2 protein chains.
Amino acid sequence: MAATLKDIAQKLGVHPATVSRALNPRTAHLVNAATVERVRKAAAAMNYVPNPMASGLRTSRSHTIGVVIPDLTNPLFPGMVRGMQDTLSRAGYTPLLVNTDNDPATEAQMVASLRARRVDGFILATARRDHPLLVELASRFPIVLINRVTESIQLPSVAADDQHGIRLAVDHVYDMGHREIAHLAGPKWSSTGHERAQAFNRVMRELGLSVAKRNVAVTAWNIEEAKETAMGMLARDPRITAIVAANDQLAIGVIEAARERRLRIPRDLSVIGYNDMPFMDLVDPPLTTIRVPQHEIGSEAARLLLSHLAEEGGTPVKQVRLTPELVVRASTGPPHP
Amino acid sequence: MAATLKDIAQKLGVHPATVSRALNPRTAHLVNAATVERVRKAAAAMNYVPNPMASGLRTSRSHTIGVVIPDLTNPLFPGMVRGMQDTLSRAGYTPLLVNTDNDPATEAQMVASLRARRVDGFILATARRDHPLLVELASRFPIVLINRVTESIQLPSVAADDQHGIRLAVDHVYDMGHREIAHLAGPKWSSTGHERAQAFNRVMRELGLSVAKRNVAVTAWNIEEAKETAMGMLARDPRITAIVAANDQLAIGVIEAARERRLRIPRDLSVIGYNDMPFMDLVDPPLTTIRVPQHEIGSEAARLLLSHLAEEGGTPVKQVRLTPELVVRASTGPPHP
DNA sequence: CGCGCTATTGCAATCGATTGCGCAACCTTG
DNA sequence: CAAGGTTGCGCAATCGATTGCAATAGCGCG
């Protein structure tokens, strides 16, 4: 059905090897310019498309990238994935997407299946602060982490600057007059949860505000548990006037908790999220949050990985930090006297 | 690095062909049971993983499925994609995901690149009512359409029952007492836009309500244009008390238009969406809508495609229609006298 | 005029798995 | 015990592209 190198060679009366060289930009200089031209013409005419399995078998490169995320239905990820797709496909690479649901066993299985597929590299959004699998993986493949990073070892990564983002958030409510500021943190096994909590403590200290233990509560990454945890916080310390949540889902949990406690937002409680997922401008109330450039994280990760694939030798480990920005909407306001 | 058939054969003193047959369930009966066992043990011990490029080259099957959607960042799709991923990967297939942004040229290019990758079949969510590319594609590959369908030809598809869904929507507002019901329709090139509009007309007629031309307005699939169109509708006919939107984004456009015209929802205007995308329970006001089983559409499409790949001959064209359900929230209510 | 060099192309092996064909050994049956 | 059948396995070709090496031709230069 589809034309092969041999077909083209036959038609032109040359050897398949010549056709191969003519069509490959890297080796075309080995072939007479006129021949190259004839081959190109013929290939186009027969609309020849190289068989990636054949070339992959020979070269053991699949031009395929494993993309590992917790869950595609988490609105944080589609933007990042599109960023990768757009720049990977432009470079002739195809992402293979898998979900782990934050389960290490599933992750191991998915990574194994991607290795079975002979992917050329990995982009992972599933890093835990301590993550042996990733360390092992990084020693055999080019990998780039996004969003979250590991602590045990420095790996190439692309993420937003959490330190800066949290500073924007805390400064925002501080500037409006809040002093009783609390943080609803994500799980400490995740770098984002941990780092944002660390950043919160630091910024509070710099502002001269005390950070009592009870001002930081930890929850899993989901709305329901965030709501429960926020209920507890608000019950224990009713003086709190502003809560900085470690991501938008947690902020929504806080809003639901506030609603249940008959607190009005932002009059009685200011809430600020993190990530600015799609539709956060439409929830009730529209959520003030820290926007991270989702598409750009994805495309930057792809670029970084591609550059690793291009260079033979070890490129230096590059840790890209993108700058988040504050998006003020209606869930924050000055504290009520 | 990785073990090959030959390695196993050498270690066991048998021929690679025997190893191949022993490891393939379809041919294992050709090999002595004891040998099969020895081979399996050895393969496991050397943690042998077959090279998909090699087997693909020989068999010309990539165990790969092209998945073509308009835009992953549209919240309607991640659920469907996960549905596919989950059932495809269970069957040893890997989806290759591309976006078209509803642009036919991009679509053609993406489909071409998937064909270049030698995918074994396609799942497409980009059908237009008239769509020559798909007809051509269907003649050469197993394909399954999701969400939208073509009209020119009957192709295997999985979608929600739009007729039923619209009936649920219209009945809902009718039962609450609304009589001046309008429809904000999607573009007519898309089957969902067209069919939902058709269904709206039919149901209205069955209820004995007149459908004036002005009771149905057509808009593109985005919030901004939906808002403009809804503004026009409401200006032309202020008697309208309920609007059935062709999807959730359009419903949000309607809500924004209503807000701009100082109409309160649902007191002055009831709005009902379609699809029940994630977070539609959190927008202001929480959106009454028609839930379509997104994950199930994806997994059912995958199953359908897999069954086509399994059977050699032409399986009959199966058009699966899943049943949507009404989700009542706060954007609908009885009309105010 | 001949040697050596370069430019161009052909040859053939190779990547790893699959599969039609054939052969040998063993078994069944009359 | 011979004829015919079955079972188990090896042989070798094949899928399509890549690439080291060899071969040829053409050229410049002494």
Side-chain angles (χ1 to χ4, degrees), chain A residues 1-40 42-44 46-64 92 115-120 312, chain B residues 1-40 42-44 46-64 92 115-120 312:
Chain A
M1 190 73 244
T4 70
L5 280 190
K6 213 196 287 181
D7 297 333
I8 301 178
Q10 217 142 34
K11 186 173 163 202
L12 259 48
V14 299
H15 197 270
T18 305
V19 179
S20 171
R21 284 189 273 252
L23 256 25
N24 184 335
R26 210 166 28 74
T27 51
H29 69 276
L30 296 171
V31 178
N32 184 303
T35 313
V36 170
E37 198 45 38
R38 282 172 58 220
V39 170
R40 290 226 176 102
M46 307 171 68
N47 53 32
Y48 166 76
V49 179
N51 185 324
M53 294 169 196
S55 77
L57 175 58
R58 179 60 218 256
T59 62
S60 64
R61 312 191 94 235
S62 62
H63 284 266
T64 256
R115 293 178 65 159
R117 285 258 169 209
R118 305 297 205 269
V119 295
D120 293 337
E312 289 300 311
Chain B
M1 189 74 244
T4 71
L5 281 190
K6 213 196 285 182
D7 298 333
I8 302 179
Q10 217 143 34
K11 187 174 162 200
L12 259 47
V14 299
H15 196 269
T18 304
V19 180
S20 170
R21 285 189 272 253
L23 256 23
N24 184 335
R26 212 164 28 75
T27 52
H29 69 276
L30 297 171
V31 178
N32 185 305
T35 313
V36 170
E37 198 44 38
R38 280 173 58 219
V39 171
R40 289 226 178 102
M46 307 169 70
N47 54 34
Y48 166 75
V49 179
N51 184 323
M53 293 171 198
S55 78
L57 176 58
R58 179 59 217 254
T59 61
S60 65
R61 313 191 93 237
S62 62
H63 284 267
T64 255
R115 294 177 66 160
R117 284 257 170 211
R118 304 297 205 270
V119 296
D120 294 338
E312 289 300 311

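Remember, it's a predicted structure, so these values are computed and weren't measured experimentally. Computation of the quantities below employed the complete heavy-atom set of this structure, encompassing side-chain atoms and omitting hydrogens, waters and symmetry-equivalent molecules. All chains are named by letter (A, B, ...) in the order of the sequence lines, taking the proteins before the strands, and each is independently numbered beginning at 1.
Distances from the side chain of A:S20 to the nucleotides D:dT19, C:dG16, C:dT19 place D:dT19 closest. The side chain of A:H15 approaches C:dG10 more closely than any other nucleotide in the set D:dC15, C:dG10, D:dG8. Proximity note for A:V14 (side chain, C-beta onward) versus C:dT19, C:dG10, C:dA17: the nearest is C:dG10. Each of D:dT19, C:dT9, C:dC15 was ranked by its minimum atom distance to the side chain of A:R26; first place goes to D:dT19. Of the candidates C:dC11, C:dA17, D:dC15, C:dA17 carries the atom nearest the B:L5 side chain, counting heavy atoms from C-beta on.
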Please walk me through it: do A:L23 and A:V39 pass side chain to side chain contact (heavy atoms under 4.5 Å, CB included)?
-> CA-CA 7 Å; A:L23 256 25; A:V39 170; 3.4 Å; yes

Given B:T35 and B:T18, is the side chain to side chain contact (heavy atoms under 4.5 Å, CB included) satisfied, shown in steps?
-> CA-CA 9 Å; B:T35 313; B:T18 304; 4.2 Å; yes

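Nearer to the 5' terminus of DNA chain C, by closest-nucleotide assignment, is the contact made by B:P50 (compared with the other of B:P50 and B:R21). Heavy-atom distances to DNA chain D give each of A:Y48 and B:P16 a nearest nucleotide, and the one nearer the 5′ end belongs to B:P16. Nearer to the 5' terminus of DNA chain D, by closest-nucleotide assignment, is the contact made by B:H29 (compared with the other of B:H29 and A:T4).
Within the nucleic acid shown, B:S60 has no heavy atom closer than 4.0 Å to any nucleic acid atom. Across all strands, B:V19 comes closer than 4.0 Å to no nucleic acid atom at all (heavy-atom distances). When heavy atoms are screened at a 4.0 angstrom cut-off, B:T35 is found touching the sugar-phosphate backbone but no base atom.
For A:R118 and C:dG16, a side-chain-to-base donor-acceptor distance below 3.5 Å is absent, hydrogens and geometry of angles not being considered.
Distance, B:E37 CD to D:dG8 P: 15 Å, rounded to whole Å. One atom, CG of A:L30, and another, P of D:dC21, lie 14 Å apart when rounded to the nearest Å. Atom CG of A:L12 and atom C1' of C:dT8 are 15 Å apart (whole Å). What separates CD of B:Q10 from P of D:dG10 is a distance of 13 Å, to the nearest Å. The NZ-P distance, from A:K6 to C:dC11, rounds to 13 Å in whole Å. Per the geometry, CZ belonging to B:R58 stands 16 Å off P belonging to D:dA12, to the nearest Å. Atom CZ of A:R61 is separated from atom C1' of D:dA17 by 15 Å (rounded to the nearest Å). Put simply, CG on A:N51 is 7 Å from P on D:dG16, counting in whole angstrom units.
Residues A:S62 and B:M53 meet the side-chain proximity criterion, which asks for heavy atoms closer than 4.5 Å.
Rounding to the nearest 0.5 Å places CZ of A:R118 at 15.5 Å from NE2 of A:H63. The CZ atom of A:R21 sits 12.0 Å away from atom CZ of A:R26, with the distance rounded to the nearest 0.5 Å.
The side chain to side chain contact (heavy atoms under 4.5 Å, CB included) test with B:V19 is passed by exactly one of B:N24, B:V14, B:D7: B:V14.
Here B:S55 does not reach the OP1 or OP2 of C:dG16: none of its side-chain N or O atoms lies under 4.0 Å away.
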